[in-house]
Structures are given as structure tokens and as C-alpha cells.
Amino acid sequence: LMLAARQDAITDLAFNVGMAGFAKFEATIAAIKRADYEGAARHMLASKWATQVGTRATDLAAMVETGEYL
């Protein structure tokens, strides 16, 4: 279930910004590849996207960090 919540959060992010936009989340992607979910969430929240979508970013970052659905 933890993998599903993280995967769904990243899918939501990629759908929102598009694949080209998602590719720019290099630090987030690198953190996920090394299973640094806290770091991935931190990078997500430091992005321009996070300032644009507000609580949606907070929710998705929490899902990535904890592996749990909100």
C-alpha cells in the first residue's frame, strides 16, 4: 500500500505538470530512486509548482514522504 500511495502522488504530479514538466523535477526523481522519500517531499515543496497549487502540493508531498493516503 505504501508504494501505491507514493506512485499515485507522483502520477498526480506528473499529470498536473506534464511529462516534460515532471522531467524538470530532477532532484525529486533522484531522491525517489534512492528511496529518500523525505528528501523527495522536500524537493517537491521547494518547487514553483508547490507555490502554484498550495495544499495539493502539501498533500502529495506528505503521501510521498509517508507512503500513506491522506
TODO: Determine whether Leu60 and Trp49 make a side-chain contact, defined as any pair of heavy atoms from C-beta on separated by less than 4.5 Å.
DONE: yes
Open item on the list: Looking at every non-hydrogen atom in both residues, tell me the closest pair between Ala61 and Ala41 and how far apart they are.
Closed with: O-CB, 3.4 Å
Task: Spacing of Glu38 atom CD and His43 atom NE2 [to the nearest 0.5 Å] - done: 10.5 Å
Open item on the list: To check you understand the geometry: which heavy-atom pair defines the closest contact between Ala31 and Gly39, and what is its length?
Closed with: CB-C, 4.0 Å
TODO: Look at the side-chain heavy atoms of Ile, Leu, Val, Met, Phe, Trp and Tyr, link any pair under 4.5 Å apart, and say whether Tyr69 and Met44 land in one connected group.
DONE: yes
TODO: Please report the closest heavy-atom contact between Phe22 and Ile29, naming both atoms and the distance.
DONE: O-CD1, 3.5 Å
Open item on the list: Applying a strict under-4.5 Å side-chain criterion to I, L, V, M, F, W and Y, I'd like to know whether Val64 and Leu3 cluster together.
Closed with: no
Task: Residue list, side-chain contact (heavy atoms from CB on, under 4.5 Å) with Ala23, at least two apart or on another chain - done: none
Open item on the list: Can you list everything that forms a salt bridge (charged side-chain N to carboxylate O under 4.0 Å, His left out) with Asp12? Sequence neighbours excluded, please.
Closed with: Arg56
Open item on the list: So which atom in Ala5 and which in Met63 form the shortest heavy-atom distance, rounded to 0.1 Å?
Closed with: O-CE, 3.4 Å
TODO: Check the hydrophobic clustering (I, L, V, M, F, W, Y; side-chain heavy atoms under 4.5 Å; chains of links allowed) and say if Leu13 and Tyr37 are grouped together.
DONE: yes
Open item on the list: Please tell me whether Phe15 and Phe25 are part of a single hydrophobic cluster in this structure, the criterion being side-chain heavy atoms less than 4.5 Å apart.
Closed with: no
Task: Residue pair Leu70 / Ala62: nearest heavy atoms and the distance that separates them - done: CD1-CB, 4.1 Å
Open item on the list: Strictly by salt bridge (charged side-chain N to carboxylate O under 4.0 Å, His left out), give each pair with a member in residues 57-70 just once, sequence neighbours left out.
Closed with: none
Open item on the list: Can a donor-acceptor pair be found, under 3.5 Å and without considering hydrogens, that links the side chain of Thr55 to the backbone of Thr58?
Closed with: no
